[in-house]
Amino acid sequence: MKVKYFLYARKSTEDEERQVMSIEAQIDELTDFARREGIKISQTFIESKSAKSPGRPIFNEMLQKIYASKEQIGLLAWHPDRLARNSVDGGQIIYLIDIKKVVQLKFPTFWFEPTPQGLFMLQVAFGQSKYYSDNLSENVRRGMRQKVKRGEWFNHAPFGYVNNPKTRNIEPEPLKARIIKKAFKEVAEGKHSLESIRHKMYYWGLTGSTGKPLVKSSVHRILTNTAYLGLISFHGETHEGNFEPIIDKKTFDKVQSELEKRSRPRNTKEGHNFPLTNLLTCSECGCAITAQYAKKGKYIYYRCSKRKGYCSQPYVRDINLIEQLRYEVDRIALPEEIGEIMLAEIDILERKEIKEQQDYLQQLKKKVKEIDGKMDKLVNTFLDGNLEQETYLKKKDELLKDKVGLLEKIKDFENRGAEWFELAREFVETFTHAYSVKTTDDFYELKSFVKKIGSNRLLGGKKVILEMVSPLDLIPEYFPLEVKKRLGIKGIPTPSEGRKK
């Protein structure tokens, strides 16, 4: 039966200006790929929506057409993560392949065959894509930590500074920095309260985003911000900044003293450090989960902070919470022998794709040489007087554009490297590491791991609720038996069996 191909192109951002270029690039690449493979595209689906959660309208429309079609369907996309970054959509694609509605998947950047091994690697790709989305914020924080270690400001510049894209750091903005310095000086001299200094700053020309005077809380943040000393506070740790300070330490300390004098007396009780705070939120009201001691410090209870008002959620003992978190980690812990199988299959796929990429790069470089040859002939023909200038310039422009396009493709393939395979390996190794995490007595490590692998972390009815991808869901029943035997594995649990505590 003849296969009908659908092309699907997607970009996560819904910014129209940025969207058009990305979609156009995907379609150009996929059209060239289809031409090389001898594929005729029946319909093109274009979407400007994130695939992190189910519910993409264009994607669902495409699935409905696949289900309704009496012909066999092939899908063409730039990479599996264009099709799915969540387990629901990824599962639908796998199911369509299982019932033979989709018989081919074609990607310029990813190898796929409708075999047990191919389906296994496709599921790994979908799972890794979801893992990448969930882990993206952690990667961003990692980048911020590196900037901070170099003394660079890690986000939008505070009042009085501007971001310098050339140095990737901040520098004083002359007018605002002068106002900040004057405000610190007058508060240090005891001339103002927060209420009066905010109006004085407005008189000097410093306003909020609405054009009105800054609110007192914003003024307080400015007067206590150590960035003006040339320091960076990041996750409770102070780092030396590699940018010019606005305020000297003597003036800053005087301002802090004045603010303390004018503030209300505060409770001076010694604070407590509970390891599992800042991990979960209340499923009923969305407030943060906090903790407290009970029975003279004998027990620790976690509870809703109730910052939004009344909440009916009960208290939870710390040992109960730890037990549940360990169970959640145990559910997704990947046995070492299964991890070895997955890593071995990733190695096989990497070697295959590297070879295919090298062959493709050779073809591109060959075409560049052919264009250089045509260019030499064109110049010689023009210099010999056998070609009119208008024709010469037009043909030269066409050849140069073709060459630039080929050089961009070569650069793209050379820079892409083995990024996907490294992410896939990190994905497998993370869940293999879960075996040691689930038994650790270092509850900070337990919290850090749960933050990394779980999203929408809630506590309700004394129960922990997490959304997370399980690597066991990526191991189908049809995993090649010969591979199991080769690695000495007698049996692998199927998704329906799950993991028992």
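- More than 12 non-hydrogen atoms from other residues, nucleotides or ligands lie less than 6.0 angstrom from CZ of Arg303.
- Lys176 NZ: 12 or fewer foreign heavy atoms inside a 6.0 Å radius.
- Heavy atoms of other residues, nucleotides or ligands lying less than 6.0 angstrom from NZ of Lys254 number 12 at most.
- Looking at heavy atoms from C-beta onward, Glu152 lies out of side-chain contact with Val148 at the 4.5 angstrom threshold.
- Lys462 is linked by a side chain to side chain donor-acceptor pair (under 3.5 Å) to nothing, counting only residues two or more places apart in sequence or in another chain.
- Between Asp28 and Thr31, the side chains place no donor N or O within less than 3.5 Å of an acceptor N or O (distance only, hydrogens not considered).
- At a threshold of 4.5 Å between non-hydrogen side-chain atoms, the residues Tyr161 and Glu173 do not count as touching.
- A donor-acceptor contact closer than 3.5 angstrom is absent between the side chains of Thr277 and Thr290.
- Residues satisfying the salt bridge (charged side-chain N to carboxylate O under 4.0 Å, His left out) test with Arg168, not counting sequence neighbours, are none.
- More than 12 heavy atoms of other residues, nucleotides or ligands sit less than 6.0 Å from atom CD of Glu445.
- Taking Asn60 as the reference, Leu63 meet the side chain to side chain contact (heavy atoms under 4.5 Å, CB included) condition, with sequence neighbours excluded.
- Sparse packing is recorded around CZ of Arg307, with 12 or fewer heavy atoms of other residues, nucleotides or ligands lying under 6.0 Å away.
- Taking the side chain as every heavy atom from C-beta outward, Phe154 and Ile232 approach each other to under 4.5 Å.
- At least one side-chain heavy atom of Leu206 sits less than 4.5 Å from a side-chain heavy atom of Phe159.
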